[in-house]
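Handing you a structure now.
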Amino acid sequence: MSLAGLSRRDGFALPLTVFVLTLITIMLAGIMVQVQVDRRIAESSGDVVDALAIAQSGLDRYMTHYDTMPNRPPDGDSLRINVTGGYADVIAHVAQRPADSLQGITYVVRSSGWLIRPTQGSDPQATRTVAQYAEWQYGTMKVIAALTAINDFKTGSGTLFFSGFDQCVPALPTVPGLRVPQGATPNPLGPPDVIPFKVEIGNASDVADATDIDWTSVITGNWNPDYTTLVNPLTWATYWISGDVTLTDVTGTGLLVVGGELTTAGLLFDWQGAVLVGNKFTFLADTTRIHGAAVSGLNQITGPSPTNGDWGPAGTHIEIEYYSCFVRQAFVPFSGFAPIPNGWMDNWAAY
């Protein structure tokens with residue numbers, strides 16, 4: 001074999017090596033690009049999930065915010081809510097408005113979540129929009145009298161004054177000053193001073209049914225009162241006292257619910273709002289004044305008939321007047337958005 005032939009074969013190895021290395025480099029570069037693409041897709045998917053969580057958090061916090069408000073949001077109400085990792089732009093539109101202004105109004109509440117990663121600048125990295133159909137419900141009480149005595153009252157000597165005229169909006173239709181079962185025991189000193197009139201209907205169960213109060217839910221704990229003792233009585237809060245209680249020289253506002261007997265004592269019991277009593281109501285304070293509405297004997301709904309209430313001894317004065325605004329204020333904690341089942345949507349159009 002000649003030396004020239006060997007030289008030609010040696011020259012072929014170098015180009016082949018360069019070609020193979022180039023091919024490997026291209027393949028590795030392609031793999032790196034694909035890895036980066038896959039990583040970016042994974043990050044983007046994670047960002048979208050985080051944006052969804054931000055949108056849902058904003059939606060929940062918006063609805064919770066209005067649970068503490070006395071009035072419903074106006075049509076088109078919007079709020080930016082800062083959330084860990086970004087912010088949510090929430091807007092509420094009225095979808096259906098009933099003719100009765102006190103009935104529930106249907107809203108569609110839309111929340112757009114924007115994900116912010118400070119290490120990547122101030123521009124949002126991802127966005128997601130969700131929406132929820134919800135009904136704005138007014139917390140309220142069906143008032144059928146300034147004082148509804150499901151359990152009636154036994155004889156007493158107190159001076160009585162009950163007025164069903166709405167002292168907040170006098171133009172509104174009035175309710176009876178007093179509602180009791182038929183055959184109610186009259187005050188021995190003569191009929192109570194009732195304006196505009198006294199109504200007697202059916203038996204105790206009939207009167208209880210007319211109130212539409214879900215007393216079973218109340219006594220089984222299906223609500224969350226602000227307090228279980230009478231503290232901060234001037235804050236328009238909700239109070240639940242499970243057993244019998246005697247309240248001496250108390251001035252308060254809000255919703256007072258007593259599972260047992262309620263006795264007023266001392267010089268003055270003065271309450272603005274609503275008073276619901278499971279058993280009997282005994283008036284022993286020199287002056288008992290309720291501006292709003294009161295119901296006694298609600299245990300008739302869940303168990304044995306409660307004992308009769310007591311007007312109190314001679315010298316006591318009982319004054320109960322209907323104030324719709326105070327009743328409404330007492331039930332503000334029960335107003336708010338109630339999500340409509342199957343009314344949640346993902347990726348709602350952001351227009």
| Do you know the tightest heavy-atom contact between I54 and G113? | CG2-CA, 3.9 Å

| message | With a 4.5 Å cut-off on side-chain heavy atoms, are L234 and T251 touching? | response | yes

| remark: To the nearest 0.5 Å, atom CD1 of I116 lies from atom OG1 of T84 at 13.0 Å

| request: Answer yes if L255 and V275 sit in the same cluster of Ile, Leu, Val, Met, Phe, Trp and Tyr residues linked by side chain heavy atoms under 4.5 Å apart, and no otherwise. | output: no

| query | Are I301 and I201 connected in a single hydrophobic cluster, I mean Ile/Leu/Val/Met/Phe/Trp/Tyr linked by side-chain heavy atoms less than 4.5 Å apart? | reply | yes

| request: State yes or no: do L268 and L247 share one hydrophobic cluster built from I, L, V, M, F, W and Y residues joined by side-chain heavy-atom distances below 4.5 Å, directly or via other members? | output: no

| salt_bridge(D50, R128) N-O dist < 4.0 Å | no

| Mind checking whether V199 and L178 have side chains closer than 4.5 Å, heavy atoms only? | no

| request: For residues W136 and P73, determine if any side-chain heavy atom of one lies less than 4.5 Å from a side-chain heavy atom of the other. | output: yes

| remark: Value for CZ (F283) from OG1 (T264), rounded to nearest 0.5 Å, stands at 6.5 Å

| task | Say whether, by atom type as modelled, one donor and one acceptor occur between the side chain of T64 and the main chain of D60 under 3.5 angstrom. | result | yes

| query | Sub-3.5 Å donor-acceptor pair from the side chain of D226 to the main-chain atoms of T238, do we have one? | reply | yes

| message | I need the minimum non-hydrogen distance between F162 and G177, along with the two atoms involved. | response | CB-O, 3.4 Å

| task | Say whether, by atom type as modelled, one donor and one acceptor occur between the side chain of Q329 and the main chain of S324 under 3.5 angstrom. | result | no

| F331 vs F334 aromatic rings, parallel, tilted or perpendicular, using cut-offs 30° and 60°? | tilted

| Are I241 and T229 side-chain neighbours, meaning at least one heavy-atom pair lies under 4.5 Å? | no

| Candidate pair M141 and R328, rule side-chain contact (heavy atoms from CB on, under 4.5 Å), full reasoning | CA-CA 8 Å; M141 168 184 170; R328 191 162 52 249; over 6 Å; no

| query | Cut-off 3.5 Å, side chains only: do T316 and D286 have a donor facing an acceptor? | reply | no

| request: Answer yes or no: is there a donor N or O on one side and an acceptor on the other, between the side chain of D206 and the main chain of N203, under 3.5 Å? | output: yes

| With side chains defined as the heavy atoms from C-beta onward, is the minimum distance between L147 and I318 less than 4.5 Å? | no

| said: If hydrophobic clusters are built from ILVMFWY residues whose side chains come within less than 4.5 Å, do V108 and I340 share one? | reply: yes

| Where does the angle between the aromatic ring planes of F326 and H291 fall among parallel (under 30°), tilted (30 to 60°) and perpendicular (over 60°)? | parallel

| message | With a 4.5 Å cut-off on side-chain heavy-atom distances among I, L, V, M, F, W and Y, is there a chain of contacts connecting L262 to W271? | response | yes

| Donor-acceptor pair, R110 side chain versus I91 backbone, under 3.5 Å? | no

| Looking at P306 and N151, what are the two nearest heavy atoms and their distance? | CG-CB, 3.7 Å

| How many angstroms lie between CD1 in I105 and CZ in F337, if you round to the nearest 0.5 Å? | 9.5 Å

| said: The test is side chain to side chain donor-acceptor pair (under 3.5 Å); show your working for D89 and S111 and say whether it passes. | reply: CA-CA 6 Å; D89 288 327; S111 174; over 6 Å; no

| query | Hey, are Y323 and D166 close enough side-chain-wise for a donor-acceptor pair under 3.5 Å? | reply | no

| task | Tell me whether the centres of the aromatic rings in F165 and Y322 are closer together than 6.0 Å. | result | no

| request: Apply the test side-chain contact (heavy atoms from CB on, under 4.5 Å) to residues L52 and D346: give CA-CA distance (whole Å), side-chain angles for both, the deciding distance (0.1 Å), then the verdict. | output: CA-CA 9 Å; L52 174 62; D346 186 13; 3.9 Å; yes

| field | Short side-chain donor-acceptor distance under 3.5 Å, D77 and Y62 | value | yes

| request: Please confirm whether the backbone N or O of P341 pairs with a side-chain atom of Y133, one donor and one acceptor, at under 3.5 Å? | output: no

| request: Hey, could you give me each pair passing salt bridge (Lys or Arg N to Asp or Glu O under 4.0 Å) that has a residue in residues 293-305? Not counting sequence neighbours. | output: none

| task | Using the side chain to side chain contact (heavy atoms under 4.5 Å, CB included) rule, pick out the option among T302, I150, V295 that qualifies with W215. | result | T302

| request: Enumerate the residue pairs fulfilling salt bridge (Lys or Arg N to Asp or Glu O under 4.0 Å) with a member in residues 255-284, sequence neighbours excluded, ordered by first and then second residue. | output: D270-R289

| Donor-acceptor contact present, side-chain K142 to main-chain A210, <3.5 Å | yes

| said: Show every side-chain hydrogen bond (donor to acceptor under 3.5 Å, both in side chains) that has at least one partner inside residues 240-250, sequence neighbours left out. | reply: none

| message | We want to know whether S205 and Q300 form a side-chain donor-acceptor pair, criterion being a heavy-atom distance below 3.5 angstrom. | response | yes

| query | Does some side-chain heavy atom of V169 sit less than 4.5 Å from a side-chain heavy atom of C325? | reply | no

| query | Looking only at heavy atoms, what is the nearest atom pair of P181 and A149, with distance? | reply | CD-O, 3.3 Å

| said: Distance check, rounded to the nearest 0.5 Å: I320 atom CD1 versus T148 atom OG1? | reply: 9.5 Å

| request: Run the numbers on T211 and L298 for side-chain contact (heavy atoms from CB on, under 4.5 Å), then give the verdict. | output: CA-CA 9 Å; T211 65; L298 283 162; 4.2 Å; yes

| query | What's the spacing between H93 NE2 and T106 OG1 if we round to 0.5 Å? | reply | 15.0 Å

| message | Taking atom CH2 as the centre, does W114 end up with more than 12 heavy-atom neighbours from other residues, nucleotides or ligands that are less than 6.0 angstrom away? | response | no

| task | Using a 4.5 Å cut-off on heavy atoms from C-beta on, say whether the side chain of V130 contacts that of L59. | result | yes

| said: Heavy-atom count check: over 12 atoms from other residues, nucleotides or ligands less than 6.0 Å from N342 CG? | reply: no

| Nearest heavy-atom neighbours spanning L284 and P313 | CD2-CD, 3.7 Å

| request: Over all heavy atoms of both residues, which pair between A330 and G273 is shortest? Give the atoms and the distance, please. | output: CB-CA, 4.1 Å

| field | Worked check of side-chain contact (heavy atoms from CB on, under 4.5 Å) between L115 and T127 | value | CA-CA 6 Å; L115 175 67; T127 184; over 6 Å; no

| Inter-residue atom distance Q167.CD - E321.CD, 0.5 Å rounding | 4.5 Å

| Heavy-atom side-chain proximity of V90 to I81 below 4.5 angstrom | yes

